[in-house]
There are 2 protein chains.
Amino acid sequence: MSQASPIVHKTRTQLVVEVLREKILSGDIKAGEPLRQSALAQELNVSRIPVREALLQLEAEGLVKFEAHKGATATELSVEQASELFELRALIEPDLLRKSIPNLTEKQLNHAEEVLTKLESAFRSENAVNTWSELNTQFHACLYLGANRPQAMEVIKGLNTNSDRYIRLQLLLTGGIPRAETEHRQLLELCRSGQIDAAATLLVNHILHAKDGVKKLVEEHVNNDK
Amino acid sequence: MSQASPIVHKTRTQLVVEVLREKILSGDIKAGEPLRQSALAQELNVSRIPVREALLQLEAEGLVKFEAHKGATATELSVEQASELFELRALIEPDLLRKSIPNLTEKQLNHAEEVLTKLESAFRSENAVNTWSELNTQFHACLYLGANRPQAMEVIKGLNTNSDRYIRLQLLLTGGIPRAETEHRQLLELCRSGQIDAAATLLVNHILHAKDGVKKLVEEHVNNDK
DNA sequence: TGGGCCCTTTTTGTATACAAAGTGGCGTAT
DNA sequence: ATACGCCACTTTGTATACAAAAAGGGCCCA
């Protein structure tokens, strides 16, 4: 979608991965639900092989649990686990940001702003929910580019895919969008002006606030169910 | 090996994963080397399907790069990348340790000591090199059990598998073993006596020292090559 | 002589077919 | 009536076979 790619032939496996990932993250496939290989294969008009390989990849992403001879299920992600993911981000990302800011180029900052603008317009169009977290992740990633820490970026990306479903929840249902927007803009400005400490602090709060939002949301939800 | 497992049928895929992982980590398969599916299949007496699935899993672990239609190669891990992994550990593990110490039970501490003893005896028997890092990781993991942070533990585990080849190097060639042993014992005692700050500090140094060892080692190696 | 195109060969990707493990239900024996 | 075991069915795991993409080499042409 974002690639100016010179003709890319996607394998069926990759297609299946994308479809399933989206279905799991959007809640279309519910947590704990068994994923039957033949059913999926038939549904997507492929053989079981690409389905198996896709499930394997999704397991690596933490979205699926694959048990030998028993089958795959969409993983549950408890609020506690999600909180943990946010806390990990709150630990790692500020560190990255601190290392990054001194090396950020004008170009990188502008690119970050571009992404941010895209994100903001996505916030405005309701039917782009599935792109929110991708753009969000991307924006954050842009700011860390100066740190030159590819491995850490990978880890962060993984944490994000996993907490993705909760991020969606949080943004959609807690009215977290305006606040997130403000904070993103502020963050970008602090980076521009090289205010490392302020930026890092803001970032920690930004992430922990999201965590709290998710927690509150789910607690309420549980109460409503009773 | 360590499981008191109630009859476990390993799938061929899992077997292939283990064989290949060991070969890559031990350097038997060199970085950048292409991994031909049919060759591996023939060599291990399985069909290409389990080989493919194994390669996919190893890609998720970061040990293999899998390119569609082009094939898989064992990944290179530059010293810079390895350093980054150590630094990430130095960031995350002390945090885990701090959260863990107050909740560590007598039982958990004793278990940690058991593992440590095993590790020490493995250090002594040269032909157990491949178990070193597993036991090492396991020991560290024991100390973090009190933190109740399964996700973070997963991340750490991933970082360790990746830096594994360098850990081996470091221990084998830098004479890092005695120092590691001392530090491990100290760390355990600090945990027992609840000295959080001291333990965390020691841990940071322990990890960063390993990083420096690797760096120095590789620099020398490069010089020797010239 | 050098560059580009086509064809051959190799290697990967996927479908189909078969083997093996797991699951549930029925029947029997106590 | 219940507990155990056997058998049929479902689902997963793996081999084989075929399709499609990429890599390499030779040929033609400029």
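Source: prediction; values computed, not measured.
A/I49 places its CD1 atom 17 Å from the P atom of D/dA20, with the value rounded to the nearest Å. Between the CG atom of B/N45 and the P atom of D/dT14 there is a distance of 14 Å, rounded to whole Å. Atom-to-atom, CD of B/Q42 to C1' of C/dT10 comes out at 15 Å; the value is rounded to the nearest Å. Between the CG atom of B/L56 and the C1' atom of C/dT12 there is a distance of 13 Å, rounded to whole Å. For the pair A/L15 CG and C/dG13 P, the interatomic distance rounds to 14 Å; values are reported in whole Å. A straight line from CG of A/L55 to C1' of D/dT12 spans 11 Å, rounded to a whole angstrom. The interatomic distance linking A/E67 (CD) with D/dT11 (P) rounds to 16 Å, in whole Å.
Residue B/S47 has no polar side-chain atom (N or O) positioned under 4.0 Å from OP1 or OP2 of D/dT14. Within the structure, a side-chain polar atom (N or O) of B/Q37 is placed less than 4.0 Å from OP1 or OP2 of C/dG13. Of the side-chain N and O atoms in A/R12, none sit less than 4.0 angstrom from OP1 or OP2 of D/dA20. For A/T13 and C/dT14, the shortest distance from a side-chain N or O to OP1 or OP2 is below 4.0 Å.
Using a 4.0 Å heavy-atom criterion, one finds that A/R36 contacts the sugar-phosphate atoms exclusively.
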Quiz prompt | B/N160 vs B/R89, side-chain hydrogen bond (donor to acceptor under 3.5 Å, both in side chains): CA-CA, chis, key distance, verdict | solution = CA-CA 9 Å; B/N160 273 311; B/R89 287 185 51 201; 3.3 Å; yes
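With B/L58 as the fixed residue, the side chain to side chain contact (heavy atoms under 4.5 Å, CB included) test singles out one of B/V64, B/T75, B/T161: B/V64. Screening A/I29, A/V51, A/T73 for a side chain to side chain contact (heavy atoms under 4.5 Å, CB included) involving A/L35 leaves a single residue, A/I29.
Using cut-offs of 30° and 60° for the angle between ring planes, the A/W132 and A/F123 rings count as perpendicular. Between A/H140 and A/H184, the ring-plane angle classifies as perpendicular under the 30° and 60° cut-offs.
Of the candidates C/dG13, D/dT12, D/dA15, the closest approach to any side-chain atom of A/R52 belongs to D/dT12.
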Under-3.5 Å N/O pairs linking protein and nucleotides 19-24 of chain C:
none

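No side-chain donor from either of A/E134 and A/T137 sits under 3.5 Å from a side-chain acceptor of the other.
Comparing B/S38 and A/R48, the nucleotide of DNA chain C nearest to each residue sits closer to the 5' end for B/S38.
Between A/L88 and A/E93 there is no side-chain heavy-atom pair separated by less than 4.5 Å.
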